[in-house]
Visitor: 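What follows is a structure written as structure tokens; I'll ask about it next.
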There are 2 protein chains.
Amino acid sequence: MFSKACEYAIKATLHIAEQSLQNKRIILPEIAKAIDSPVAFTAKILQQLAKNKIVQSSKGPNGGFSISEQAIQTFKLKDIVLAIDGESIFTECGLGLKKCDENSPCPIHHKFKSIRAEIIDMLENTSLKELSKQLESGVTFLKI
Amino acid sequence: MFSKACEYAIKATLHIAEQSLQNKRIILPEIAKAIDSPVAFTAKILQQLAKNKIVQSSKGPNGGFSISEQAIQTFKLKDIVLAIDGESIFTECGLGLKKCDENSPCPIHHKFKSIRAEIIDMLENTSLKELSKQLESGVTFLKI
DNA sequence: ATAAATAAAGACCTATTTATCTTAAATAGA
DNA sequence: TCTATTTAAGATAAATAGGTCTTTATTTAT
Ligand code: FES
Ligand code: FES
């Protein structure tokens, strides 16, 4: 469903959010450890998230990554997916036709459309808050 | 959702089915043309479909590919997807955890589970018959 | 038998994604 | 100001997915 980069992006963002809810900054190597991801690749992804104002980065001692309470409440999964994977998941044909078009539908268009609608609904309506709270309370996990 | 190979596999199979419903064999270059796919790559995919007994191939003049009426009625999308992409779509964690496990769910597990169930339902319950009939009657398309 | 038409098989190439490495920039604190 | 700590940026490398090419095997018709 998502690229590896996007998977890491979601996990990293949620881990940062979990820490930020406790007013803690967190540095790259600890993020990578928490989500079981390659450090340097994670750095690239966090750069992109920072450029997209989803996370905030700061350099130097006591630096690291954080997310504002405001952002945790307003950003949805959709925002991360758009920032990393673009809009393909929202628009593309399930069989790879050049365009997903109601007027020349592929064989699975109608069935795929409703599944895609569910995916979009999930991405649009799932907030970072909700997911990071669950992480904090220990009912969900970011690795193994 | 599917690999490129799997997309081609589904389209090729449906085109062959459409032809077989009219008792026509069809040769590789015509399949590739009908589904707008690279010929040599399509050949590889058809080989795999033939090994998995989803399509039938025959060599030599008047050779080509076909599917039995029986197969058209009994095979589902699921069979093609399993043959080409394996079972990952049916089992893997939406965030790439090593295992999708109810007992240590990732943050999107519960939401993803229901979407995945819909996908599986679609793949298990959509027969080649149904889709190739729609193609034959011109309400769906395999390219552009 | 021979030639033509077809798919099968396997080696090869290319593009994209995933991942790493090296250097630079910024910041905090001594 | 100097050093340590952190992210940013960009070049590079490795792995995977996507795609091609060449040769072989099989079949049909002449
Ligand atoms: S045309 Fe294929 S999903 Fe819409
Ligand atoms: S654990 Fe991630 S989808 Fe089940």
Side-chain angles (χ1 to χ4, degrees), chain A residues 1-13 15-16 19-20 24-33 35-67 81 83-86 88-89 92 95-96, chain B residues 1-13 15-16 19-20 24-33 35-67 81 83-86 88-89 92 95-96:
Chain A
M1 185 149 74
F2 308 123
S3 69
K4 232 48 181 116
C6 191
E7 290 176 359
Y8 294 145
I10 293 170
K11 289 187 277 195
T13 304
H15 186 62
I16 297 167
Q19 300 302 302
S20 287
K24 291 183 201 159
R25 287 218 164 146
I26 180 164
I27 62 175
L28 172 61
E30 285 173 9
I31 295 169
K33 198 171 172 188
I35 70 173
D36 193 19
S37 65
V39 180
F41 192 39
T42 306
K44 288 279 129 130
I45 294 160
L46 287 170
Q47 254 178 62
Q48 276 197 261
L49 291 172
K51 274 183 191 154
N52 283 274
K53 316 278 187 193
I54 292 170
V55 305
Q56 212 221 313
S57 71
S58 61
K59 293 179 183 175
N62 310 315
F65 295 88
S66 63
I67 312 188
V81 174
I84 306 297
D85 281 350
S88 60
I89 199 176
E92 279 179 0
L95 284 187
Chain B
M1 185 150 70
F2 308 123
S3 68
K4 232 50 181 118
C6 191
E7 290 176 1
Y8 294 144
I10 293 170
K11 288 187 277 194
T13 304
H15 186 61
I16 297 167
Q19 300 303 302
S20 286
K24 291 182 202 157
R25 286 216 166 146
I26 180 165
I27 61 174
L28 173 59
E30 285 173 9
I31 294 169
K33 197 172 173 188
I35 70 174
D36 194 18
S37 65
V39 180
F41 192 37
T42 305
K44 289 279 132 130
I45 294 161
L46 288 170
Q47 254 178 63
Q48 277 197 260
L49 291 173
K51 275 185 192 154
N52 283 273
K53 318 278 187 191
I54 293 170
V55 305
Q56 212 221 314
S57 73
S58 62
K59 294 178 182 177
N62 311 315
F65 295 88
S66 63
I67 312 189
V81 173
I84 307 297
D85 280 351
S88 61
I89 199 177
E92 278 180 359
L95 284 186

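On a predicted model such as this, the values are computed, not experimentally measured, just so you know. Each chain gets a letter, A, B and so on, in the order the sequences are listed, and its residues count up from 1. Values below: all heavy atoms of this structure, side chains included; hydrogens, waters and symmetry mates excluded.
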Visitor: Please answer whether the main-chain N or O of B:Gln48 pairs with a side-chain N or O of B:Asn52 as donor and acceptor at a distance below 3.5 Å.
Guide: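 Such a contact is found between B:Asn52 side chain and B:Gln48 backbone.
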Visitor: Please give, in whole Å, the distance from D:dG19 P to B:Gln48 CD?
Guide: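 Roughly 14 Å, once rounded to whole Å.
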Visitor: Identify the nucleotide, in any strand shown, that forms a Watson-Crick or G-U wobble pair with C:dA9, with both distances under 3.5 Å; if there is none, say none.
Guide: D:dT22
Visitor: D:dT5 C1' sits how many Å from A:Ile27 CD1, rounded?
Guide: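 It works out to 9 Å between those atoms.
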Visitor: Base, sugar-phosphate, or nothing: which does A:Leu46 touch, judged by heavy atoms less than 4.0 Å apart?
Guide: nothing
Visitor: Taking the side chain of A:Phe41 as its heavy atoms from C-beta onward, which of D:dG19, C:dA19, D:dA8 lies nearest to it?
Guide: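 The nucleotide sitting nearest to the side chain is C:dA19.
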Visitor: Check the phosphate of C:dT6 against B:Ser58, side-chain N and O only, distance under 4.0 Å to OP1 or OP2. Yes or no?
Guide: no
Visitor: Select from A:Gly60 and B:Pro29 the residue whose nearest nucleotide in DNA chain C is closer to the 5' end of that strand.
Guide: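 Per heavy-atom nearest nucleotide, the more 5' residue is B:Pro29.
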Visitor: Please tell me which of the listed nucleotides, C:dA28, D:dA8, D:dC21, lies nearest to the side chain of A:Pro61?
Guide: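 Out of C:dA28, D:dA8, D:dC21, the nucleotide with an atom closest to A:Pro61's side chain is C:dA28.
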Visitor: Look at B:Tyr8 and D:dG19 and indicate whether a side-chain polar atom (N or O) is within less than 4.0 Å of OP1 or OP2.
Guide: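 True: B:Tyr8 side-chain N/O within range (under 4.0 Å) of D:dG19 OP1/OP2.
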Visitor: Roughly, in whole Å, what's the span from CZ in A:Arg25 to P in C:dT27?
Guide: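 Computing the A:Arg25:CZ to C:dT27:P distance gives 11 Å.
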Visitor: Let's see if you can work this out: which of D:dT20, C:dA7, D:dG18 has an atom nearest to the side-chain heavy atoms of B:Lys4?
Guide: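 Closest nucleotide to the B:Lys4 side chain: D:dG18.
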Visitor: To the side chain of A:Lys44, which of D:dG10, D:dC21, D:dG19 is closest?
Guide: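 Nearest to the side chain of A:Lys44 among the choices is D:dG10.
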Visitor: For A:Gln56 and D:dA8, give me the distance from atom CD to atom C1', rounded to whole Å.
Guide: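 From A:Gln56 CD to D:dA8 C1': 15 Å.
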Visitor: Salt-bridged, A:Lys33 to A:Glu30, with N to O below 4.0 Å?
Guide: no
Visitor: What's the closest nucleotide to the B:Ala50 side chain, out of C:dA8, C:dA7, D:dT7?
Guide: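 Nearest nucleotide to the side chain: C:dA8.
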Visitor: Check whether any side-chain heavy atom of A:His15 sits under 4.5 Å from a side-chain heavy atom of A:Gln19, and report yes or no.
Guide: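 Counting from C-beta outward, A:His15 and A:Gln19 do come under 4.5 Å.
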Visitor: Does some side-chain heavy atom of A:Phe2 sit less than 4.5 Å from a side-chain heavy atom of A:Ile89?
Guide: yes
Visitor: Can you tell me if B:Asn62 touches the phosphate of C:dT6, counting only side-chain N or O atoms and a distance under 4.0 Å to OP1 or OP2?
Guide: no
Visitor: So which of A:Ile16, A:Val55, A:Ile10, A:Ile67 actually passes side chain to side chain contact (heavy atoms under 4.5 Å, CB included) with A:Leu49?
Guide: A:Val55
Visitor: With nearest nucleotide decided by heavy atoms, which residue, A:Phe65 or B:Phe2, maps closer to the 5′ end of DNA chain D?
Guide: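 First, find each residue's nearest nucleotide; the 5'-ward one identifies A:Phe65.
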Visitor: May I have the step-by-step check of side chain to side chain donor-acceptor pair (under 3.5 Å) for A:Ser66 and A:Ser20, ending in yes or no?
Guide: CA-CA 6 Å; A:Ser66 63; A:Ser20 287; 4.8 Å; no
Visitor: Using whole Å, report how far CG of B:Leu28 lies from P of C:dA8.
Guide: 9 Å
Visitor: Rounded to whole angstroms, how far apart are CG on B:Asn52 and P on C:dA8?
Guide: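 Distance, rounded to whole Å: 13 Å.
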Visitor: Does a side-chain N or O from B:Lys51 land closer than 4.0 Å to OP1 or OP2 of C:dA9, or not?
Guide: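 Answer is yes, contact under 4.0 Å.
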Visitor: Which is more 5' along DNA chain C, the nucleotide nearest A:Ala5 or the one nearest B:Lys59? Just name the residue.
Guide: B:Lys59
Visitor: Does a side-chain N or O of B:Gln47 approach OP1 or OP2 of C:dA9 to a distance below 4.0 Å, or not?
Guide: yes
